[in-house]
Peer 1: 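Dropping a structure here in structure tokens format, bear with me for questions.
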Amino acid sequence: MSDKISFESAETPFSSGLILICEKCGKKLSDSDDNPARELQKILKEIIKENGHKGEAKAVLTSCMDLCPKDAIAVGLSHTNSDNEFFI
């Protein structure tokens, strides 16, 4: 007998968009314990808050998104009212 997986709808913690930042890409860029992806997340969160958009957008770290740019961090933008975008 196989286990069934069920999903439930949940309210999103943001109203305008989601910024996905690949943590694995950041690890590849630094030999130290400092991960540039975490620093990017921190900066983006500060920008969102300083510009009065707290709760509208969220910057989150992800595992590998299989985009793997060379010497860069993969970043995806998901807008609630338009198409999704990916940047590297």
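In what follows, residues are counted from 1 in the order of the sequence shown.
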Peer 1: As an exercise, state the distance from CG of Leu61 to SG of Cys25, rounded to the nearest 0.5 Å.
Peer 2: 11.5 Å
Peer 1: Filter on salt bridge (Lys or Arg N to Asp or Glu O under 4.0 Å), then keep only pairs touching residues 61-73, sequence neighbours left out; what's left?
Peer 2: none
Peer 1: Could you list the residues that satisfy side-chain contact (heavy atoms from CB on, under 4.5 Å) with Ser63, not counting sequence neighbours?
Peer 2: none
Peer 1: Should the heavy atoms of other residues, nucleotides or ligands under 6.0 Å from CG of Asp31 be counted, would the total exceed 12?
Peer 2: no
Peer 1: Keeping to residues at least two apart or across chains, list the side-chain hydrogen bond (donor to acceptor under 3.5 Å, both in side chains) pairs with something in residues 18-28.
Peer 2: Glu23-Arg38
Peer 1: List in chain and number order the residues that pass side-chain hydrogen bond (donor to acceptor under 3.5 Å, both in side chains) with Gln41, two or more places apart in sequence or in another chain; answer none if no residue qualifies.
Peer 2: none
Peer 1: Would a single hydrophobic cluster contain both Leu40 and Leu29, if residues Ile, Leu, Val, Met, Phe, Trp and Tyr are joined by side-chain heavy-atom contacts under 4.5 Å?
Peer 2: yes
Peer 1: Taking side-chain hydrogen bond (donor to acceptor under 3.5 Å, both in side chains) as the definition, give me every residue that meets it alongside Ser30, ordered by chain and number, with sequence neighbours left out.
Peer 2: Ser32
Peer 1: Ile19: what forms a side-chain contact (heavy atoms from CB on, under 4.5 Å) with it, not counting sequence neighbours?
Peer 2: Ile21, Leu44, Ile48, Ala59, Val75, Leu77
Peer 1: Run the side-chain contact (heavy atoms from CB on, under 4.5 Å) test against Asp33 and tell me which residues pass, sequence neighbours left out.
Peer 2: none
Peer 1: Strictly distance-based, threshold 3.5 Å: is any side-chain N or O of Asn35 a donor or acceptor partner for the main-chain N or O of Ala37?
Peer 2: yes
Peer 1: Output all residues satisfying side-chain contact (heavy atoms from CB on, under 4.5 Å) with Thr62, sequence neighbours left out; order by chain, then residue number.
Peer 2: Leu20, Cys22, Met65
